[in-house]
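All figures in this text were calculated on a predicted structure; none of them were measured in a lab. Values reported hereafter were calculated over all heavy atoms of this structure, with side chains retained and with hydrogens, waters and symmetry mates removed.
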Amino acid sequence: MPDGGGLIRLAVIAGPTATGKSDMSMEVARALDGEIVSADSIQLYRYFDIGSAKPAPQMRQAVPHHLVDILLPDESYSLWNYNLAAQEAIRRIASRGKLPIICGGTGLYIKAALENMHGGVKGDDGLRRELLQMPREELYVRLNALDGQRATQIHPNDTYRIIRGIENALLPRESGHVERPPYDVSFFVLSAPKSVIYERVEKRVDQMLENGWIAEVETILAMGYSPECKPFQSVGYSQIMRYLAGDITRDGLVAEVKKATRHYAKRQVTWFSAVKDAAPVDVSYGDIRAGADKIAKRM
């Protein structure tokens, strides 16, 4: 939806996990005739539904969602890919006279879309296939030989980041000036006291497990997907993988997922608190409609 100056009007609804971003974006989309562009690194993947708090199918039917369920679990996807896909989705939405709404908690994805960040080199399918066939230990040795400093920043078991490090060391980078996208951005951050966020995190983890989160992981593995797939390394899923491997008990699983999710929420708060000119939206009392009204009036 271009404004009078030719810029595309764009809303961002961000914030830490368990603050109601999906519900809020739905309300805003209905009020302002918008479509939603997901900025969640796990919602990209099919089958990873419960642990990513993916919007339900009926929500996606009521309001179009973009960049959800676009990848199989073993497909590679970089910040470069997300940037290009988000730019295209935003242009398509605006061309239909709709309001693009970026919604999610992956701060780096949002930054990439707003600033046209490429996030390193563009991946090469041939090299990626070659690297995926190598044992993890050999991959780490190769990265250490190519970029020892980067190797010290990556855990030896983090296959995805090891491969990206090797790609960044071997593949050519794009040259030239990077243009910022022509957006008129209104950035909203959902917020609540830390104690409220942590309480919601704990309740949501319990609900996800009751809803079959462990069975979801078992089903994906039964399809033949490797435990090395990137989404299995995310918060919650990585702990369930350890539980299925017999490394932790059920009680230990619950405690570790809650702890890891609290830490993730804390990092998100830190990230979004640094966003310049972002407007806070208090969701302490869970009043989604009031928050959506505030956002709609600011657009």
Side-chain angles (χ1 to χ4, degrees), residues 13-27 36 38-63 65 67-69 71-73 103-106 190-227 229-269 283-289 291:
I13 298 176
T17 188
T19 51
K21 295 183 293 296
S22 294
D23 290 338
M24 186 73 74
S25 65
M26 284 288 295
E27 289 292 328
I36 296 167
S38 172
D40 186 292
S41 61
I42 306 303
Q43 290 183 6
L44 291 162
Y45 293 93
R46 297 175 195 170
Y47 317 128
F48 287 77
D49 301 336
I50 296 173
S52 69
K54 191 176 293 177
Q58 56 267 31
M59 294 176 66
R60 286 181 267 164
Q61 291 173 358
V63 172
H65 283 63
L67 306 189
V68 175
D69 280 351
L71 300 173
L72 292 172
C103 171
T106 305
L190 308 191
S191 63
K194 182 171 65 175
S195 59
V196 172
I197 293 174
Y198 287 177
E199 180 181 357
R200 291 181 185 174
V201 162
E202 302 226 345
K203 289 180 178 178
R204 188 158 86 161
V205 169
D206 288 335
Q207 189 63 57
M208 286 175 167
L209 290 169
E210 289 176 13
N211 289 346
W213 194 1
I214 296 172
E216 176 181 276
V217 173
E218 291 175 320
T219 298
I220 299 170
L221 291 170
M223 293 178 185
Y225 289 107
S226 168
C229 291
K230 180 186 175 183
F232 281 134
Q233 300 174 26
S234 62
V235 171
Y237 285 102
S238 63
Q239 285 78 23
I240 291 176
M241 296 294 285
R242 292 184 59 213
Y243 167 72
L244 293 176
D247 294 337
I248 52 176
T249 64
R250 174 62 185 247
D251 288 343
L253 166 66
V254 175
E256 288 203 14
V257 174
K258 289 180 177 180
K259 179 180 178 180
T261 309
R262 289 195 303 269
H263 287 174
Y264 179 54
K266 183 178 180 180
R267 294 194 300 272
Q268 289 175 303
V269 169
V283 292
S284 301
Y285 302 102
D287 192 340
I288 298 298
R289 180 61 61 83

Pair listing, salt bridge (Lys or Arg N to Asp or Glu O under 4.0 Å) test, anchored in residues 247-256, at least two apart: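 Checked against salt bridge (Lys or Arg N to Asp or Glu O under 4.0 Å) - neighbours excluded - the pairs reaching residues 247-256 are Arg242-Glu256.
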
Where at least one partner belongs to residues 214-226, residue pairs that pass salt bridge (Lys or Arg N to Asp or Glu O under 4.0 Å), sequence neighbours excluded: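 The answer is none; no pair qualifies.
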
Tell me the closest heavy-atom pair linking [X] and [Y], and the distance in Å.
{"X": "Val254", "Y": "Leu209", "answer": "CG2-CD1, 3.7 Å"}
{"X": "Ala192", "Y": "Ile197", "answer": "O-CD1, 3.5 Å"}
{"X": "Gln43", "Y": "Asp40", "answer": "N-OD1, 2.9 Å"}
{"X": "Thr106", "Y": "Tyr264", "answer": "OG1-OH, 4.3 Å"}
{"X": "Asp49", "Y": "Lys54", "answer": "OD1-NZ, 2.8 Å"}
{"X": "Gly51", "Y": "Tyr237", "answer": "N-OH, 3.0 Å"}

Residue among Cys229, Ser234, Pro73 satisfying side chain to side chain contact (heavy atoms under 4.5 Å, CB included) with Phe48: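 Among the candidates, only Pro73 passes.
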
Could you state the interatomic distance from [atom1] ([X]) to [atom2] ([Y]), rounded to the nearest 0.5 Å?
{"X": "Thr219", "Y": "Ile214", "atom1": "OG1", "atom2": "CD1", "value": "12.0 Å"}
{"X": "Ser41", "Y": "Leu67", "atom1": "OG", "atom2": "CG", "value": "12.0 Å"}
{"X": "Leu72", "Y": "Arg46", "atom1": "CG", "atom2": "CZ", "value": "4.5 Å"}
{"X": "Leu44", "Y": "Leu71", "atom1": "CG", "atom2": "CG", "value": "5.5 Å"}
{"X": "Met24", "Y": "Ile288", "atom1": "CE", "atom2": "CD1", "value": "4.0 Å"}
{"X": "Lys258", "Y": "Lys203", "atom1": "NZ", "atom2": "NZ", "value": "11.0 Å"}

side-chain hydrogen bond (donor to acceptor under 3.5 Å, both in side chains), paired with Thr17, selected from Arg204, Arg200, Gln268, Arg262: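 Among Arg204, Arg200, Gln268, Arg262, the one that satisfies the side-chain hydrogen bond (donor to acceptor under 3.5 Å, both in side chains) with Thr17 is Arg204.
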
Whether [X] side chain and [Y] backbone form a donor-acceptor pair below 3.5 Å:
{"X": "Glu202", "Y": "Glu199", "result": "no"}
{"X": "Ser25", "Y": "Ser22", "result": "yes"}
{"X": "Thr261", "Y": "Val257", "result": "yes"}
{"X": "Lys21", "Y": "Pro16", "result": "yes"}

[X] vs [Y] side-chain heavy atoms within contact, under 4.5 Å:
{"X": "Ser284", "Y": "Pro193", "answer": "yes"}
{"X": "Tyr198", "Y": "Lys266", "answer": "yes"}
{"X": "Ile36", "Y": "Arg60", "answer": "no"}
{"X": "Leu244", "Y": "Leu221", "answer": "yes"}
{"X": "Val283", "Y": "Ser191", "answer": "no"}

Under the side-chain hydrogen bond (donor to acceptor under 3.5 Å, both in side chains) test, residues paired with Tyr45 that sit two or more places apart: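 So Tyr45 forms no side-chain hydrogen bond (donor to acceptor under 3.5 Å, both in side chains) with any residue.
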
Pair Phe232-Tyr225, ring-ring contact (aromatic ring centres under 6.0 Å, His included): steps then yes or no: CA-CA 10 Å; Phe232 281 134; Tyr225 289 107; 8.1 Å; no

Ile240 and Trp213: CA distance, side-chain angles, deciding distance, side-chain contact (heavy atoms from CB on, under 4.5 Å) verdict: CA-CA 9 Å; Ile240 291 176; Trp213 194 1; 3.5 Å; yes

From CA spacing to verdict: side-chain contact (heavy atoms from CB on, under 4.5 Å), Glu27, Asp23: CA-CA 6 Å; Glu27 289 292 328; Asp23 290 338; 5.8 Å; no

